[in-house]
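Below: the structure, in structure tokens.
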Amino acid sequence: MRTVCLLLWLFSGILIKAQKTDAEMDQWMSRFSTAIGGLQVTVDQRFASVTKYYRKNSDTILIFDTKSEKKIVDTLLKKSKVTFLNNTLLFAVGNNTAELIELPSKKSKKFDQIISGEILSVSKQVVLLDYAKSINIYDYKGKLLHSSKGVQDLISDGDGRVYLVYKNGSTSEIAVWNGKTVKTIHTTSNGIKSIKYLPSKKFISLTEEYRKADDLELSISLIRTSDNYFFKKKEISSGGFESVKISEVHDSDKFLIDFQHIQQPQKDKMVEVWYSGDKRLRDKKDGTKHHRYLHWNISKDEIIEIPADRFSDYIGMNDARYLWAYHTDEEFTYTGYRSFNVFRYDTHSDKAERIFDNVEELVMSENRRFTLAYRIDKKMWILYDHFLNKTKDIETTEKLSNPVMMSDQAALFECADGLFRYDLIKGSSKKIIVSKNSKVTFHNLLGNMIYHLSNFKFVERSADATKPLILQVKRTDHNDNGYFTFLNGMIKNIIPYTPNRIKDFKYDKKKNKIFIVEENFNVPASLYITEKGNPEKKLLYRINLHDQKAKLIKQDILSYKNSAGTSLKGILTYPVDFDPSKKYPLVVHIYSLLSGSADKYLYPDWGNTGFNKRMLIENGYFVFQPDILFDKRGTGISALDCVNSGLDEIVNHSNVDASRLGLTGHSLGGYETNFIATHSKRFAAYVTGASLGDIPHFYFSFSDLFNVANYMRFENGQFEMAVSYAANKDLYFRNNPINYVENVSAPVLIWAGKKDTNTPLDQPMSFFMGLLRNDKKAVVLLYDKQEHSLKDDSEEIKDLNNKVMDWWNYFLKKEENIDWISQEIKRDAQ
């Protein structure tokens, strides 16, 4: 066995160093699993399962028995869904089959030609739909309880009830399985378009489709799940609108019916007209959405039609009378991401009152009394009390995010070094320090998404104050992280601090056991079992045992400051076969904050931007990734300063050859690379992808990808200029690469996808033309069918990665027998 491992280890190095064919590289890469995830654990903590991921698939499931000498007791292939039904039984579905597997005996009952499978946990049953449109329901022992044909659709509550849609000729019927029998509850000659549980699971919405004259109409019905009572009103029909969305708005007896129609833009007109006063430029590409709203009170048998001319969108706020309302028309001259002025609309009086200005997120409490909104221009959270109809600014110098509404009438926010508690009734606040110089976040507390449009979202995010919250704490000074419980102001450790990246874990406070999936840059993803607070852990499984070279990878995390005194970090990763007696070339890779990826496992891959750290270090390069933070000096100048400050930390490294430095970046990093290339003499070569070359030109353009004015991306977005071009033209001039293109002193490789709608082709080409005009050495690679990043497993992605490696080898290793580069570099000598 040791001989086989040695051969594999040698083979992996030979492939990289010899730069074998693409097919051989593909074969080598395919042997690497990229991660494990989807951790599940039985209640008694004996069995665990994980999904094993590869570059091209994620259909391998591993089952572990903590009481067996043979830890992996089963391997399931091509299964997309695996669930423990109890402590000894597993259910698996995928690849047209389903299985009930008894653990640890591994006795299995298999079912073929299966489309989907559902679990009824309370009644302890399994529901299978097959390709013959038959429904078969089994108990956990595999005994058939019910079978019927002609099933077109089904939905399950996951407990003990299944609603079935049968089709028989021109007639459709809805039936319900209650755990023992099937009973028909509705028959119709209409087509059934959809049947869905509403979030409370107290009601099911049923959308039927019928023909009226020459048009197809939609009708909406509701089924109350407690007694299967059927609610239907003839007034609730689409009236020419082609889709519908149904929302519960209060106590599950009032509903907002939203019929929708998209008015498609005219494509065949001779001329397309744009107006500067148009408030719907975002709709130019995809069309304008129109609505018809109905407010349905089933307890009063009352329907109110809500006018759609004043507001385009309404959202239920769990109030019997009021709705949130806003208009998607542009209110802020396209200067930011989606944000809205939000009103409280009274369904009784047809009046509206503005509550929030320029907000992008609403967070509602479970008891319906409070809503928090984040106001972009003030960078402040606003509290609205529904009972008192009053708003209040939450004033603090802390930067607050991700609020959670607690059951004790308080809101908890994430903030620097800990949590911020705000009393929703009294208005008092308190900062709770968890750990100095740390980032504290709530673990897996996403909430219930009620509404989402672009970046604008409305969510109910609440928690029981009598139960512990789990916090992740990342310590900046120590480059590690740990997990804690928080309850009644008390903080207790459950996973000790570790430099590893914790990808997933399952914690049972009663049994005091924790299953953890971890990885690091030189440690492939691994599954451990441990006990609460215990730094010792037992390894159950690790991917890529053949990857012996990962153990050789060395990495330094450097801490330093830029010239403005801002604290920064940088990752310096060593060549795999590092020899302390040698000097090596170095590739600098930039974007924004990259130090957060220091604990990510490095596996080889065709990088879709031409960059893969593992490939570079296997080929004998140092890789340095310095953090970049922007400030009032502007995007380019800030990036230049941050990169120079990072280089100052490493150029005197005894093994770094400061005469052989390369710089690369993609997208924002490509812009930064272009700008640095016009101001630096420290690099021997550059690679820049999908990059901006002329930012004023890009500033005054419209994004076909995001349907926004691109100046938004500078004033309030990624480039963080924080000021308009008109207000500070000099700032934009000083940060524009093309203004200094004549100063470039090293060869530049530029690449772009010709179908890129994020960074249009004229941007990288403008920088290339500037280099051409000033007689600089440059090559541009234009991929005809590719976009902003290159598609996985395409021929283009392999070509780009090979050419980028050629570029580094030519200029940083002096391998000058590469014809496609020599043609440009040696042109003056010809």
Side-chain angles (χ1 to χ4, degrees), residues 1-39 50-62 64 71-72 75 77 498-504 516-528 537-556 571-579 584 587 589 597-608 611-623 625 792-793 798 801 805:
M1 185 67 184
R2 292 180 62 186
T3 303
V4 172
C5 291
L6 178 60
L7 288 173
L8 289 174
W9 179 78
L10 291 171
F11 183 64
S12 65
I14 290 171
L15 273 176
I16 282 289
K17 289 185 176 179
Q19 282 294 288
K20 295 295 186 181
T21 66
D22 290 350
E24 289 173 315
M25 293 294 288
D26 274 332
Q27 184 181 13
W28 177 63
M29 292 176 185
S30 69
R31 297 175 53 249
F32 284 81
S33 175
T34 61
I36 53 177
L39 174 64
V50 294
T51 301
K52 191 175 181 181
Y53 299 99
Y54 291 87
R55 290 172 58 233
K56 297 182 180 181
N57 66 70
S58 56
D59 58 9
T60 302
I61 310 293
L62 303 177
F64 301 90
K71 296 303 180 186
I72 301 178
T75 299
L77 299 177
T498 173
N500 293 341
R501 171 174 295 208
I502 298 176
K503 305 271 289 186
D504 196 3
I516 310 173
V517 177
E518 299 180 16
E519 70 175 28
N520 213 317
F521 68 95
N522 59 356
V523 180
S526 307
L527 174 63
Y528 299 93
K537 53 196 176 185
K538 181 179 180 181
L539 178 66
L540 293 180
Y541 178 72
R542 174 169 292 158
I543 64 173
N544 300 339
L545 290 178
H546 69 277
D547 188 13
Q548 297 299 309
K549 283 207 166 187
K551 300 176 182 179
L552 304 177
I553 301 174
K554 180 182 177 183
Q555 177 179 276
D556 295 333
I571 310 169
L572 179 64
T573 308
Y574 287 62
V576 169
D577 296 318
F578 174 68
D579 182 343
Y584 295 87
V587 173
H589 172 237
S597 65
D599 53 6
K600 186 176 180 180
Y601 171 57
L602 301 179
Y603 61 89
D605 198 8
W606 298 112
N608 60 9
F611 174 82
N612 181 270
K613 190 192 292 189
R614 180 66 181 267
M615 301 282 275
L616 282 166
I617 63 175
E618 290 269 6
N619 275 277
Y621 290 92
F622 273 99
V623 176
Q625 296 171 292
D792 291 339
D793 297 316
K798 298 171 187 177
N801 279 262
M805 190 62 71

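Nothing here was measured: the structure is a model prediction, and the numbers come from that model. In what follows, residues are counted from 1 in the order of the sequence shown.
Leu527 contributes atom CG, which lies 13.0 Å from atom CD of Glu519 (distance to the nearest 0.5 angstrom). Rounding to the nearest 0.5 angstrom, the gap separating the NZ atom in Lys52 from the OG1 atom in Thr34 is 10.5 Å. Atoms OG1 and CG, on Thr60 and Leu77 in that order, are 5.0 Å from each other to the nearest 0.5 Å.
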For this session: Using the side-chain contact (heavy atoms from CB on, under 4.5 Å) rule, take Lys798 and Met25 through it: C-alpha gap first, then chi angles, then the decisive distance, then the call.
Result: CA-CA 10 Å; Lys798 298 171 187 177; Met25 293 294 288; over 6 Å; no

For this session: Under the side chain to side chain donor-acceptor pair (under 3.5 Å) rule, what do Asn520 and Asn500 come out as? Steps first, then yes or no, please.
Result: CA-CA 5 Å; Asn520 213 317; Asn500 293 341; 2.9 Å; yes

Problem set entry | Verdict with supporting geometry, Asp59 and Tyr54, side chain to side chain donor-acceptor pair (under 3.5 Å) | CA-CA 9 Å; Asp59 58 9; Tyr54 291 87; over 6 Å; no

Problem set entry | Residues Thr573, Leu602; criterion side-chain contact (heavy atoms from CB on, under 4.5 Å); working and verdict | CA-CA 10 Å; Thr573 308; Leu602 301 179; 4.2 Å; yes

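Here the side chains of Phe622 and Leu572 are in contact, with some heavy-atom distance below 4.5 Å. Annotation: side chain of Lys613 is in contact with side chain of Ile571 (closest heavy-atom distance under 4.5 Å). Looking at Met615 and Asn801, their side chains never come closer than 4.5 Å, going by heavy atoms from C-beta outward. Using a 4.5 Å heavy-atom threshold, the side chains of Asp605 and Phe32 count as separate. A heavy-atom distance below 4.5 Å is found between the side chains of Tyr574 and Asp556. Taking the side chain as every heavy atom from C-beta outward, Thr498 and Ile502 approach each other to under 4.5 Å. Side-chain contact between Val623 and Ile617 is present, with at least one heavy-atom pair separated by less than 4.5 Å.
Using the six-membered ring where Trp is involved, Tyr601 and Tyr603 have ring planes that are tilted, between 30° and 60° apart.
When ring centroids are compared, Tyr584 and Tyr621 stay outside the 6.0 Å threshold. Taking the six-membered ring for Trp and the full ring otherwise, the centers of Tyr541 and Phe64 sit less than 6.0 Å from each other.
Judged purely by distance below 3.5 Å, without hydrogens or angles, the side chains of Asp793 and Trp606 never pair a donor atom with an acceptor atom. Counted by atom type alone, Ser30 and Gln27 present zero donor-acceptor pairs between their side chains at under 3.5 Å.
Panel note: side chain Ser597, backbone Lys600; no donor-acceptor pair is recorded below 3.5 Å. A donor-acceptor distance shorter than 3.5 angstrom exists from the side chain of Asn544 to the backbone of Ser33, with no hydrogens or angles considered. Remark: side-chain polar atoms of Gln555 are paired, donor with acceptor, to backbone N or O of Ala598 under 3.5 angstrom.
For the salt bridge (Lys or Arg N to Asp or Glu O under 4.0 Å) criterion with Glu518, the lone passing option out of Arg542, Lys503, Lys537 is Lys537.
The existence of a salt bridge linking Lys549 and Asp577 is confirmed by a sub-4.0 Å separation between a basic side-chain nitrogen and an acidic carboxylate oxygen.
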